[in-house]
A.B. asks: 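Sending over a structure as structure tokens; questions will come in a sec.
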Amino acid sequence: MPRYFFYFSDGKRTFTDSTGIELTGTAAARAHATIQIREMRTSLQNARLQDWANWKMIVFDAKGKTVVEVGFDLIPKTLN
């Protein structure tokens, strides 16, 4: 199974994932990213960070290629 790495960024700061997770493919990686974003937004809804406009999750494959980007507004973009 391929391993995917989930980074998130606001365009200025990037938080990296050095462990990754094995998933069945790009569709599963997109679904996992969407779930992670929903959980992050829920857990931070009372925090000072309320403007999610520039935040996105970037999914890389094991070769370092970007395969999916999902904005924190939860609109996925599959990259080829």
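We number each residue from 1, following the sequence as shown. Hydrogens, waters and symmetry mates are skipped; everything else that's a heavy atom, side chains included, is used.
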A.B. asks: Taking all non-hydrogen atoms of both residues into account, name the closest pair between T14 and S9 and its distance.
C.D. replies: OG1-OG, 3.3 Å

A.B. asks: Between G71 and I37, what is the shortest heavy-atom contact and its length?
C.D. replies: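 The pair with the smallest heavy-atom distance is O-CD1, 3.9 Å.
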
A.B. asks: Ignoring hydrogens, what is the shortest heavy-atom contact between T26 and V67? Give both atom names and the distance.
C.D. replies: CG2-O, 4.2 Å

A.B. asks: Using the test salt bridge (Lys or Arg N to Asp or Glu O under 4.0 Å), find all partners of E22 that sit at least two apart in sequence or belong to another chain.
C.D. replies: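 Per chain and number, E22 pairs via salt bridge (Lys or Arg N to Asp or Glu O under 4.0 Å) with R3.
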
A.B. asks: How many angstroms lie between CG in L23 and CZ in R30, if you round to the nearest 0.5 Å?
C.D. replies: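 The CG atom of L23 sits 12.0 Å away from the CZ atom of R30.
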
A.B. asks: Are I21 and V70 co-members of a hydrophobic cluster defined by side-chain heavy atoms under 4.5 Å apart?
C.D. replies: yes

A.B. asks: Assign the ring pair W55 / F15 to parallel, tilted or perpendicular, where the plane angle (0 to 90°) is split at 30° and 60°.
C.D. replies: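 Ring orientation of W55 relative to F15: parallel.
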
A.B. asks: State, yes or no, whether a side-chain contact exists between Q36 and F8 at a heavy-atom distance under 4.5 Å.
C.D. replies: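 Of all side-chain heavy-atom pairs linking F8 with Q36, none is under 4.5 Å.
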
A.B. asks: Is the gap between the ring centers of H32 and Y4 under 6.0 Å?
C.D. replies: no

A.B. asks: Between F60 and F5, is the ring centroid distance below 6.0 Å?
C.D. replies: no

A.B. asks: Who pairs with S18 by side-chain contact (heavy atoms from CB on, under 4.5 Å), at least two apart in sequence or on another chain?
C.D. replies: none

A.B. asks: Only counting residues at least two apart or in another chain, list the ones meeting side-chain contact (heavy atoms from CB on, under 4.5 Å) with T24.
C.D. replies: M1, A28

A.B. asks: Just how far is it from atom CZ of F6 to atom CG of D17, taken to the nearest 0.5 Å?
C.D. replies: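 Going from CZ on F6 over to CG on D17, the span is 7.5 Å.
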
